[in-house]
Amino acid sequence: MFKLPFIGIVLLLGGCTFLSEINSIVKPLPQVTPIVTPNNSNLAQLELSVHQQVNDYRASKNLPPLKLDPQISEQCRIHSQLMANGQVPFGHSGSKARFQKIRQFVRWQEIAENVAFNSGYVDPGKQAVKGWIESPGHQRNMVGNYELTGVGIVRNAKGEYYFTQIFVRKAWL
């Protein structure tokens with residue numbers, strides 16, 4: 001991890017993950033107590049802000065807004081919590097299992113994930129979205145042909161913010 005010592009600001013983006021179908025055997029997710037809602041109202045507001053910023057960006061590209069799904073957001077929060085606690089490395093560990101879990105309540109055709117980590121910013125959500133926009137793979141997920149999204153943000157005891165956003169295009173029967 002690279003830190004700028006003179007201002008203490010860090011922004012890391014995980015490479016994006018994209019799947020259009022899962023055909024392999026997947027390891028189960030680590031056992032985690034579901035986090036149905038963020039543990040404080042500031043994180044809930046930050047999640048809504050990230051969702052709105054992504055939709056504003058999509059609108060600037062003449063794309064429809066993404067609907068925020070609470071069950072997808074819960075899966076995002078669980079992954080952010082695992083990263084924040086050091087139970088999984090920063091990145092997309094377990095994404096296939098997460099995507100299969102989401103498939104239990106949303107039959108999807110395509111699914112993608114963006115992650116980010118930062119600390120030391122006045123508006124960590126704005127910085128995460130800015131980083132995603134500036135990264136071709138993450139930006140591609142943001143403007144993809146998706147309808148649903150989930151956002152999960154966790155702040156650990158060190159003041160580090162971990163972001164997970166999942167994008168879903170539903171399968172039509």
Side-chain angles (χ1 to χ4, degrees), residues 1-2 4 7 9-20 35 37-38 40-84 90-95 98-99 102-103 105-156 159-172:
M1 175 170 67
F2 175 74
L4 301 174
I7 52 177
I9 294 177
V10 175
L11 171 66
L12 292 175
L13 301 173
C16 62
T17 296
F18 166 82
L19 285 179
S20 60
I35 305 168
T37 57
N40 70 46
S41 63
N42 289 342
L43 289 177
Q45 289 177 340
L46 190 56
E47 288 177 356
L48 291 174
S49 172
V50 166
H51 174 245
Q52 186 60 53
Q53 289 174 64
V54 169
N55 275 342
D56 290 347
Y57 183 72
R58 287 176 61 87
S60 76
K61 304 294 183 192
N62 297 315
L63 296 169
L66 300 169
K67 180 181 178 202
L68 189 62
D69 182 280
Q71 290 179 298
I72 298 171
S73 291
E74 180 177 344
Q75 295 305 307
C76 293
R77 273 185 221 107
I78 290 169
H79 183 56
S80 292
Q81 183 72 51
L82 291 169
M83 290 188 297
F90 172 72
H92 299 285
S93 295
S95 62
R98 240 181 333 284
F99 296 166
I102 291 168
R103 188 170 281 219
F105 53 86
V106 176
R107 183 132 169 82
W108 54 261
Q109 180 177 347
E110 290 188 25
I111 192 164
E113 177 178 86
N114 286 352
V115 296
F117 154 86
N118 68 47
S119 65
Y121 291 99
V122 173
D123 187 342
K126 184 175 182 178
Q127 196 61 40
V129 172
K130 179 179 183 277
W132 288 336
I133 290 169
E134 293 171 354
S135 166
H138 295 93
Q139 189 269 353
R140 188 171 36 254
N141 288 345
M142 291 174 63
V143 299
N145 186 19
Y146 301 109
E147 301 133 346
L148 299 175
T149 193
V151 177
I153 303 169
V154 172
R155 181 176 184 255
N156 66 16
E160 301 164 331
Y161 289 85
Y162 289 81
F163 301 78
T164 304
Q165 183 168 20
I166 295 176
F167 304 86
V168 174
R169 178 167 36 142
K170 295 189 282 187
W172 300 103

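If you're wondering where the values come from, they're calculated on a predicted model, not measured in any experiment.
When only modelled atom types and interatomic distance are considered, Gln165 and Thr149 share a side-chain donor-acceptor pair under 3.5 Å. Checking Gln52 against Asp56 by side-chain atom types alone, a donor-acceptor pair falls below 3.5 Å.
By the side-chain hydrogen bond (donor to acceptor under 3.5 Å, both in side chains) test, Asp69 is found to be paired with no residue, residues two or more places apart in sequence or in another chain being considered. Taking Ile133 as the reference, Tyr57, Val129, Met142 meet the side-chain contact (heavy atoms from CB on, under 4.5 Å) condition, with sequence neighbours excluded. Not counting sequence neighbours, Tyr161 has no partner by the ring pair (Phe, Tyr, Trp, His ring centres under 6.0 Å) test. Looking at residues two or more places apart in sequence or on another chain, you find a side-chain contact (heavy atoms from CB on, under 4.5 Å) between Asn42 and Asn40, Gln45. With sequence neighbours excluded, the residues that form a side-chain contact (heavy atoms from CB on, under 4.5 Å) with Lys170 are Val106, Glu147, Leu148, Trp172. Residues passing the salt bridge (Lys or Arg N to Asp or Glu O under 4.0 Å) test with Arg58: none are found, sequence neighbours excluded.
Of all non-hydrogen atoms in Lys126 and Asp123, the two that sit nearest each other are N-OD1, 3.0 Å. Nearest approach of Ser135 to His138, heavy atoms of both residues: OG-ND1, 2.6 Å. Shortest non-hydrogen contact noted between Asn118 and Pro124 is ND2-O, 3.0 Å. Trp108 approaches Phe99 most closely through the heavy-atom pair NE1-O, 3.1 Å. In this structure, Gly150 and Leu68 approach most closely via the heavy-atom pair CA-CD1, 4.0 Å. Of all heavy-atom pairs spanning Ala112 and Asn141, the tightest one is CB-OD1, 3.4 Å.
Counting heavy atoms from C-beta on, the side chains of Phe163 and Phe117 never come closer than 4.5 Å. When side chains are defined from C-beta on, Asn156 does not count as touching Val154, because their heavy atoms never get closer than 4.5 Å. Between Met83 and Val115, some side-chain heavy-atom pair lies under the 4.5 Å cut-off.
The backbone N or O of Ile153 lies less than 3.5 Å from a partner atom in the side chain of Glu47, making a donor-acceptor pair. Between the side chain of Asn55 and the main chain of Pro65, no donor-acceptor pair closer than 3.5 Å is present. Ser80 contributes a side-chain N or O that, together with a main-chain N or O of Cys76, makes up a donor-acceptor pair within less than 3.5 Å. Using a distance-only test at 3.5 Å, with no hydrogens or angles considered, no donor-acceptor pair links the side chain of Arg155 to the main chain of Glu160. Side-chain atoms of His79 do not come within 3.5 Å of backbone N or O of Gly94 as any donor-acceptor pair.
Annotation: the span from Gln53 atom CD to Leu46 atom CG amounts to 8.0 Å, rounded to 0.5 Å. Interatomic distance, Leu82 CG to Thr164 OG1, rounded to the nearest 0.5 Å: 9.0 Å. In this structure, the separation between CD on Gln75 and CD1 on Ile102 is 5.5 Å, given to the nearest 0.5 Å. One finds the CZ atom of Phe105 at 7.5 Å from the CD atom of Glu74 (value rounded to the nearest 0.5 Å).
Aromatic ring orientation, Phe167 versus Tyr146: tilted (interplanar angle from 30° to 60°).
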